[in-house]
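Order of the sequence lines sets the chain letters (A, B, ...), proteins ahead of strands, with each chain counted from 1. Everything numeric here is computed off the predicted structure, so don't read it as measured data.
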2 protein chains.
Amino acid sequence: MARGSFREQMLKVREDAIVSSVNRFLAEKGFDLMTVDEVAADVGIAKASLYKHFASKEALASAAMVRVLERACEVIGLQAARLEAGALERLREVTRWVLQMHLAGQMPTLPSQNSTLRAELLGHKRYLELLMQASEQLGAWIVQAQADGAIDRSLPPELVLYTLYARACDPVPLVLKAGGQYRHEEIVEFVLRTCFSGLASRPS
Amino acid sequence: MARGSFREQMLKVREDAIVSSVNRFLAEKGFDLMTVDEVAADVGIAKASLYKHFASKEALASAAMVRVLERACEVIGLQAARLEAGALERLREVTRWVLQMHLAGQMPTLPSQNSTLRAELLGHKRYLELLMQASEQLGAWIVQAQADGAIDRSLPPELVLYTLYARACDPVPLVLKAGGQYRHEEIVEFVLRTCFSGLASRPS
DNA sequence: GTCTATAGCCAGATAGAC
DNA sequence: GTCTATCTGGCTATAGAC
């Protein structure tokens, strides 16, 4: 695909700035509490101009979700290229990235049940494609890790997948961060441990 | 404390009905998407009448949160009375109750950082008392379970506490429920297993 | 305490000039 | 495409009769 004219590149840069702003607000306050006014103010353009780029508030949020999914697929691709790593280790590294994004305030949160946003996303082709791409690769690793005996074989693979996805909206990391007692890396290690090894002691 | 007049008892019954309705809406759609209009319609009284009982939408939500905390403290009290049970088993049973409430659509979600609701709750004496009461009992069991070697000693007790609290807003049970493939009891067992034992296989 | 009716506000979306 | 100004609808909360 060609680069497009200078004018088009400028447009792309602006839209990137908008999506970045939306991404941050979604991570900070969620879809319902985010207002289009504050996004416009943050980007430094008029609200009406925003609507020339994106048709609705839902379209703004969708764009942010697509971008984070694109990055997630990149991270998954990087792990797929690590030929020496096992399936469990790859899953752990992807989960680590999710937690780091979350702690950095850059993981947009999908409000569990907003009908309008849900409808928009379910009709968004690229979003669904990316979500399926990520799920298929992660699902394959989960099955492989179970075959390796690294993940509990009695757990349904979809449960494992959802449990990993849920790390993106787990309140625990942010509560620990708010407490101010631990560094980000410590929090990430703690949550990874509770996720993969659970709360109970390993038998020695 | 005396029972109060017949009139007062009728009032209490009505307020109970209001709180039950609020509780269900909070569990279904959350604070932001819940409207006072639909609560009034659900209870079958006029909106203005609602405001005779509760001063604001935040007061409605607070009342629901207090009631669920009261029930949680009752469950904790029941476990405290089981003299034969160990600390880990008590924690597991309380967590099981949380998951059952959640799956039944009766666990009000107090998610998202809504400033007005947060402010109301932080100024609500009974809410804070109940939350502290629950946290102290659970915290004592966590420390005991670590001393018993039943919970990983290298995890900070507060991390364990938050991880258990987080089961009240974990999306995984509801996603599995929506999938329709598992019975509620199976979902509860799966999530309890991932929570306490993690995803990884136990060494055999 | 219950109702009908409405005030007041805020946020999403649009009109129209430039 | 950008702006200012405005429309529109929905929501919280209240006034006032009964």
Side-chain angles (χ1 to χ4, degrees), chain A residues 4-19 21-22 24-26 28-65 108 111 113-121 123, chain B residues 4-19 21-22 25-26 28-65 112-121 123:
Chain A
S5 72
F6 181 75
R7 196 176 196 83
E8 281 165 350
Q9 287 188 42
M10 290 303 296
L11 213 74
K12 177 119 183 17
V13 167
R14 167 143 294 182
E15 296 197 346
D16 265 4
I18 294 173
V19 173
S21 179
V22 169
R24 209 173 53 253
F25 281 119
L26 284 181
E28 269 174 28
K29 23 202 321 189
F31 181 77
D32 296 323
L33 269 59
M34 175 185 89
T35 70
V36 178
D37 285 86
E38 65 190 348
V39 172
D42 187 58
V43 178
I45 63 177
K47 180 163 57 168
S49 304
L50 257 192
Y51 277 95
K52 295 288 181 182
H53 293 274
F54 298 92
S56 67
K57 185 184 178 183
E58 284 76 16
L60 279 173
S62 297
M65 294 307 302
Q113 60 284 69
N114 180 304
S115 48
T116 67
L117 184 52
R118 269 294 215 267
E120 174 103 4
L121 284 174
Chain B
S5 70
F6 180 75
R7 195 177 196 84
E8 282 164 350
Q9 288 188 42
M10 289 304 295
L11 214 74
K12 177 118 182 21
V13 166
R14 166 143 294 182
E15 295 198 346
D16 265 3
I18 295 172
V19 173
S21 180
V22 169
F25 281 119
L26 284 181
E28 269 174 28
K29 19 199 327 186
F31 181 78
D32 296 324
L33 269 58
M34 175 185 88
T35 71
V36 179
D37 286 85
E38 64 190 350
V39 173
D42 188 59
V43 178
I45 63 176
K47 180 164 55 168
S49 305
L50 256 193
Y51 278 95
K52 296 287 181 182
H53 292 276
F54 298 92
S56 66
K57 184 184 179 183
E58 283 76 17
L60 279 173
S62 297
M65 294 307 302
S112 82
Q113 43 293 57
N114 181 306
S115 48
T116 67
L117 184 52
R118 269 293 213 268
E120 174 104 3
L121 284 174

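Contact check for Phe54(B) versus Val36(B): no side-chain heavy atoms found under the 4.5 Å cut-off. Side-chain contact between Lys12(A) and Asp16(A): present, with at least one pair of heavy atoms (C-beta onward) separated by less than 4.5 Å. Counting heavy atoms from C-beta on, the side chains of Asn114(A) and Arg118(A) never come closer than 4.5 Å.
At a threshold of 4.0 angstrom between heavy atoms, the contacts of Met34(A) are confined to the sugar-phosphate backbone, with no base atom among them. Across all strands, Lys57(A) comes closer than 4.0 Å only to sugar-phosphate atoms, never to a base (heavy-atom distances). Counting any heavy atom pair closer than 4.0 Å across all strands shown, Arg7(A) reaches no nucleic acid atom.
Here the closest non-hydrogen pair linking Ser62(B) and Leu117(B) is OG-CD1, 4.4 Å.
Taken from OG1 in Thr35(B) to NZ in Lys29(B), the straight-line distance is 6.0 Å, to the nearest 0.5 Å. A distance of 8.5 Å separates CD of Glu28(A) from CD of Glu38(A), quoted to the nearest 0.5 Å. We find the CG-CG distance between Leu33(A) and Leu26(A) to be 11.0 Å, quoted to the nearest 0.5 Å. Once rounded to the nearest 0.5 Å, the distance linking CD of Glu8(B) with OG of Ser5(B) reads 4.0 Å.
Residue Asp37(A) contributes atom CG, which lies 7 Å from atom P of dA11(C) at whole-angstrom precision. Distance Leu60(A) CG to dA11(C) P: 16 Å, rounded to the nearest Å.
Of the residues in residues 41-51 of chain A, Lys47(A), Ala48(A), Tyr51(A) come within less than 4.0 Å of DNA chain C through at least one heavy atom, sorted by number.
From the 5' end on, the contacts that DNA chain D makes with chain A at under 4.0 Å to a non-hydrogen atom open and close at dG1(D) to dT4(D).
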